[in-house]
Amino acid sequence: GLGGVRIILNTRTVPPTEVASGLTDANGYYRIENVPPGVYNMAVEINPATGFVLPPGTQLPQVSVFDGQITQITQPIVIVDEGDVPPNPI
């Protein structure tokens, strides 16, 4: 896992507004609490100093939060070493 990655829940508006966020632990797990009910777009913020990135074309899930329920996301988020990402063709 990769610790210290910021997981963000944004509104689906343009521009998006951050609603809540959390940091991954050393095993890559995270928990975001006190999120109001709604549907959110997930975003990931990785410290550039780590040298890790999201691969191009990564699709992050939409998250639906319902009042009084715990929402679990089981889809892994793949983060790779920046050197492993092929350059974009011109």
Side-chain angles (χ1 to χ4, degrees):
L2 181 61
V5 174
R6 190 164 173 250
I7 307 296
I8 305 161
L9 296 181
N10 290 319
T11 60
R12 297 173 63 206
T13 59
V14 176
T17 301
E18 182 178 316
V19 175
S21 67
L23 293 175
T24 58
D25 64 17
N27 296 312
Y29 294 103
Y30 60 93
R31 181 181 184 134
I32 302 173
E33 297 182 331
N34 302 315
V35 179
V39 178
Y40 303 100
N41 289 330
M42 180 183 282
V44 175
E45 184 178 278
I46 305 168
N47 181 340
T50 64
F52 290 97
V53 295
L54 286 175
T58 298
Q59 296 289 319
L60 297 175
Q62 280 191 344
V63 179
S64 296
V65 177
F66 301 98
D67 192 28
Q69 294 184 5
I70 295 173
T71 301
Q72 293 186 0
I73 301 169
T74 57
Q75 174 184 343
I77 299 170
V78 177
I79 299 172
V80 298
D81 188 293
E82 191 171 25
D84 293 337
V85 177
N88 291 330
I90 296 176

Trainee: Could you report the tightest heavy-atom contact between P16 and N10, atom names first, then the distance?
Mentor: CB-CB, 3.9 Å
Trainee: For V39 versus S64, what's the shortest heavy-atom pair and its separation?
Mentor: CG2-OG, 3.7 Å
Trainee: For Q69, is the CD atom crowded, meaning more than 12 foreign heavy atoms sit under 6.0 Å from it?
Mentor: yes
Trainee: A43 and L60: which non-hydrogen atoms are nearest, and at how many Å?
Mentor: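 Minimum heavy-atom contact is CA-CD1, 3.8 Å.
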Trainee: Return the CD1 to CD distance between I70 and E33, rounded to the nearest 0.5 Å.
Mentor: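 Between atom CD1 of I70 and atom CD of E33 there are 9.5 Å.
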Trainee: Report the distance from atom CG of L9 to atom CD of E18, rounding to the nearest 0.5 Å.
Mentor: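 L9 CG to E18 CD: 8.5 Å, rounded to 0.5 Å.
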Trainee: If the test is side-chain contact (heavy atoms from CB on, under 4.5 Å), which one of N27, N47, I77, I79 qualifies with L2?
Mentor: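 By the side-chain contact (heavy atoms from CB on, under 4.5 Å) criterion, L2 pairs with just one of N27, N47, I77, I79: I79.
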Trainee: Does I7 offer a backbone N or O that forms a donor-acceptor pair with the side chain of T24 under 3.5 Å?
Mentor: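 Pair absent, no side-chain N/O of T24 close to backbone of I7.
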Trainee: Can you confirm whether V53 sits close enough to V80 that some side-chain heavy atom of one is under 4.5 Å from a side-chain heavy atom of the other?
Mentor: yes
Trainee: Please report the closest heavy-atom contact between E45 and I8, naming both atoms and the distance.
Mentor: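 Shortest heavy-atom separation between E45 and I8 comes out as CB-CD1, 4.0 Å.
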Trainee: Can you list the residues that meet the side chain to side chain donor-acceptor pair (under 3.5 Å) rule with T17, with sequence neighbours excluded?
Mentor: none
Trainee: Looking only at heavy atoms, which two atoms of F52 and D81 are closest? And how far apart?
Mentor: CD2-N, 3.7 Å
